[in-house]
Each structure stands twice: as structure tokens, then as C-alpha cells.
Protein chains: 2
Amino acid sequence: MTQTSKRPPRQRCCEPLGSVLSPRLFKALCDPNRVAILARLAESCGPSTVSQVAECCPVNLSVVSRHLAQLRDAGILHAEKRGKEVHYSIRAEELVSTLRAIADAIERCCAGADQAAKKRGAP
Amino acid sequence: MTQTSKRPPRQRCCEPLGSVLSPRLFKALCDPNRVAILARLAESCGPSTVSQVAECCPVNLSVVSRHLAQLRDAGILHAEKRGKEVHYSIRAEELVSTLRAIADAIERCCAGADQAAKKRGAP
DNA sequence: CTCATATTTGCATCATGACGCAAACGAGCA
DNA sequence: TGCTCGTTTGCGTCATGATGCAAATATGAG
């Protein structure tokens, strides 16, 4: 038996987190080079081309191109083709509100957990 | 030549993001099972044991144990041994403020980028 | 059209990580 | 002490992903 009966097995004190806590965002950001690319894009003023971004990490240009495409597919970056170049920029508003939504959801969930803990501790 | 000379190569419009944008957090959260574990811990009221957490994902208990240790090492979870059991809980305050710090830093950076873009566009 | 530059893609290789199983470890209990 | 339960760890396997190189594609210039 893996489940002790001391505690209700699946009590929930808040909205489900699965909707905001998407692995897609974290999966896109789990590679150090992609994080460096994101930082590079945030710190540079305005959009950058693939070649410019490639300066930030010591990998092949084609790898940077793939990383950028991955971040774009995850909804983190915006890509705009201008002539021969592709200009990548951060979808800052979306990213920021996603991060804040996650933070808010966790805060709400665990505030509820604290309340429940107090209720259990001193009823 | 990979660097065009049209644009200053490394203009920076904000504080560096490397300090807040640590790959460690994202690396810990890039696995779907770990995200599910985090959601499970957030939604349950108060700490849970390894066996309880293991209900949320269809993998071996030992794997869940490893995932929990990984999240703990990343500073996301808190572990407390009580007798034979280990109770894991989310370090909610730290996690929430980390996420908000990232959001704030990106927002500041890209607000600066917008200003710089406007300045470049209509000087 | 031909060429040069910027980017993407196909492919092979290699490292990392997730997983399951079994054994080990630690704590309570008879 | 011996036993059981909960958890962790060692180890081998397998899948996934990052990388580099070369070829393909796209676009602008001459």
C-alpha cells in the first residue's frame, strides 16, 4: 500500500495549476544557451538578427538559429523577416504576464495551503 | 564576417539579466513530471510525502523521489524529515518572488528597448 | 542571370537525462 | 534484535536533445 489513510488523498485548496504551469515555457528555457540568448535579446535595445544574437554563445550559428526558432515556437520571441535578415525580439508583454500569472497562481494556492494548515493545526 | 557594422555591436539598455535569469530554475522545471509534481504540491493543502506525491505521475516511486530531490536542490521545495517520512512543500515565497523578479527585470529591460527604438525611429 | 550574404535544414554524432529495478539505508515497533 | 515501511541510491538502458558540418533556400546587389 502506497497511500496512508491518515490524510485525505486528494484535497484541493485552490484552482488547478496545470493551466498556467505549462511545461512548454520551461522546456524552452531549460537550456543555458537559450537563456543566454534571451538575456542577450532583452539587454540589447530592440530586435537583433541571428548573427548578432550568435555573438552571445560559443556555438555554431546554425545552432543559434535553431534555438531562436524554438523560443519563437514557444511564444517567447517574435520573428520578423526584413530582406535577407530575420529580426528576433522578445514578446515581452506576453512573457511578463505569463510569469506573473504563474507567480500569482502559486501564491494563491499556497496561501490557501497556509490557511488550511493553520485550520488543521489549531481548529 | 558575422557582424554587420550598421549597428553598435553590444549596446545595453538595462541591467544584465544573467543574475535573475538563472538556468537552474528553468532546468528544474523543464520536465513535465516535475511540473506535475509542483502543481500537485501547490494544489494539495500543506506538505506531502513522497508516496503521496507519487500519485500524480505514472512513474516509479524512486523516480519521483529523484525529481523531488532535484526540485529541492533547485531551491523550489523544502524537505522535512518526520520519522520515516519526508514531507515536501513548496518554498512559495521564494519561488514567487523569483518569478516576479524575472518578470520585473524583463519588463524594465524591454521598456528600455522600446524607448531606444522610439529614439532611433524618430530622433 | 550570377554571385554573395543571411538563415534554415538534413544528417550524423555525442552527451545528458529520465526511467525501472533492485539493493541499501534509516526509523519506528514488537 | 529482528521486522516492516518509507525513502534514497547504484546501475544499466533507452530516449531525447544539443551540436557541428555541409547542403539547401531565400533575398538583395551587380
Side-chain angles (χ1 to χ4, degrees), chain A residues 1-7 9 23-38 40-41 44 46-74 76-89, chain B residues 1-7 9 23-38 40-41 44 46-74 76-89:
Chain A
M1 189 194 304
T2 53
Q3 168 64 19
T4 323
S5 50
K6 293 179 220 164
R7 194 184 311 272
R24 185 162 140 268
L25 172 71
F26 298 114
K27 220 172 171 58
L29 258 39
C30 74
D31 182 76
N33 282 327
R34 281 198 290 272
V35 174
I37 287 171
L38 186 67
R40 167 67 171 79
L41 277 169
S44 73
S48 303
T49 68
V50 179
S51 305
Q52 286 171 342
V53 174
E55 298 163 14
C56 77
C57 38
V59 294
N60 193 278
L61 180 68
S62 68
V63 175
V64 174
S65 171
R66 256 185 274 253
H67 281 321
L68 285 167
Q70 220 167 329
L71 290 166
R72 165 174 48 81
D73 293 344
I76 296 173
L77 300 185
H78 170 74
E80 187 187 355
K81 186 153 195 171
R82 297 188 207 163
K84 287 185 287 192
E85 302 171 334
V86 178
H87 291 246
Y88 283 93
S89 53
Chain B
M1 192 195 301
T2 54
Q3 168 62 21
T4 322
S5 49
K6 291 180 219 163
R7 194 185 313 270
R24 184 162 139 267
L25 172 70
F26 298 113
K27 222 172 169 57
L29 258 39
C30 73
D31 182 76
N33 282 327
R34 281 197 291 272
V35 174
I37 286 171
L38 186 67
R40 166 68 171 79
L41 277 170
S44 74
S48 303
T49 68
V50 179
S51 306
Q52 287 170 341
V53 174
E55 298 163 13
C56 77
C57 37
V59 294
N60 194 278
L61 180 68
S62 67
V63 175
V64 174
S65 171
R66 256 186 273 254
H67 281 321
L68 286 167
Q70 218 166 330
L71 290 165
R72 165 175 48 78
D73 293 343
I76 297 173
L77 299 186
H78 171 74
E80 187 187 357
K81 186 151 194 171
R82 298 187 206 162
K84 287 185 284 193
E85 302 172 335
V86 178
H87 291 246
Y88 282 93
S89 53

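Excluded from the calculations below are hydrogen atoms, water molecules and symmetry mates; all remaining heavy atoms, backbone and side chain alike, are included. Throughout, a chain's letter reflects where its sequence line sits, starting with A, and its residues are numbered from 1.
- Between the CD atom of A:Gln70 and the P atom of D:dT16 there is a distance of 14 Å, rounded to whole Å.
- A close approach under 4.0 Å does not occur between any side-chain nitrogen or oxygen of B:His67 and OP1 or OP2 of C:dG17.
- Regarding A:Asn60, its CG atom lies at a distance of 13 Å from the C1' atom of D:dA23, rounded to whole Å.
- With D:dT7, C:dA18, C:dT7 as the candidates, the nucleotide lying closest to the side chain of B:Ser65 is D:dT7.
- Using a 4.5 Å heavy-atom threshold, the side chains of B:Ser44 and B:Gln52 count as separate.
- In this structure, the nucleotide among C:dC19, C:dT8, C:dA6 sitting nearest to the side chain of A:Val86 is C:dT8.
- Dashed line: the shortest gap from a side-chain N or O of A:Tyr88 to OP1 or OP2 of C:dA6 is not under 4.0 Å.
- Of the side-chain N and O atoms in B:His87, none sit less than 4.0 angstrom from OP1 or OP2 of D:dG6.
- Candidate nucleotides D:dG6, C:dT7, D:dT19 were compared by shortest atom distance to the side chain of A:Glu85, and C:dT7 ranks first.
- Each of C:dC19, D:dG17, C:dA6 was ranked by its minimum atom distance to the side chain of A:Lys27; first place goes to D:dG17.
- B:Leu61 places its CG atom 16 Å from the C1' atom of D:dG10, with the value rounded to the nearest Å.
- The side-chain heavy atoms of B:Leu77 and B:Leu38, taken from C-beta on, include a pair separated by under 4.5 Å.
- Between the side chain of A:Arg66 and the base of C:dG10, a donor-acceptor pair under 3.5 Å is found.
- Checking side-chain atoms of B:Arg82 against main-chain N and O of B:His87 turns up no donor-acceptor pair under 3.5 Å.
- Atom P of nucleotide D:dT8 and atom CZ of B:Arg72 are separated by 7 Å, given to the nearest angstrom.
- The CG-C1' distance, from B:Asn33 to D:dA15, rounds to 14 Å in whole Å.
- As rounded to whole Å, 15 Å separates atom P of D:dG17 from atom CZ of A:Arg24.
- With rounding to the nearest 0.5 angstrom, the SG atom of B:Cys30 is 10.5 Å from the CG atom of B:Leu25.
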TODO: Would you give a per-nucleotide map of nucleotides 24-30 of chain C, 5' to 3', where B means the base has a protein non-hydrogen atom under 4.0 Å away, S means only the sugar-phosphate does, and - means neither?
DONE: --BBS--
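- Rounding to whole angstrom units, CG of residue B:Leu68 and P of D:dT8 are separated by 7 Å.
- When the nucleotides C:dA18, C:dC19, D:dT9 are ranked by their closest atom to the side chain of B:Arg34, C:dA18 comes out on top.
- Rounded to the nearest 0.5 angstrom, B:Ile76 CD1 and B:Arg24 CZ are separated by 8.0 Å.
- When B:Val63, B:Val35, B:Ile37 are each tested for a side chain to side chain contact (heavy atoms under 4.5 Å, CB included) with B:Cys57, only one passes: B:Ile37.
- Look at CG on B:Leu77: it is 12 Å from P on D:dT8, rounded to the nearest Å.
- Taken to the nearest 0.5 Å, the CD atom of A:Gln70 stands 10.5 Å off from the CG atom of A:Leu29.
- No hydrogens or angles were tested; on distance alone, a donor-acceptor pair under 3.5 Å links the side chain of A:Ser62 to the base of D:dC21.
- For the atom pair CG of B:Asn33 and CZ of B:Arg40, the computed distance is 14.0 Å after rounding to the nearest 0.5 Å.
- Checking C:dT7, C:dC19, D:dA18 against every side-chain atom of A:Val50, the shortest atom distance belongs to C:dT7.
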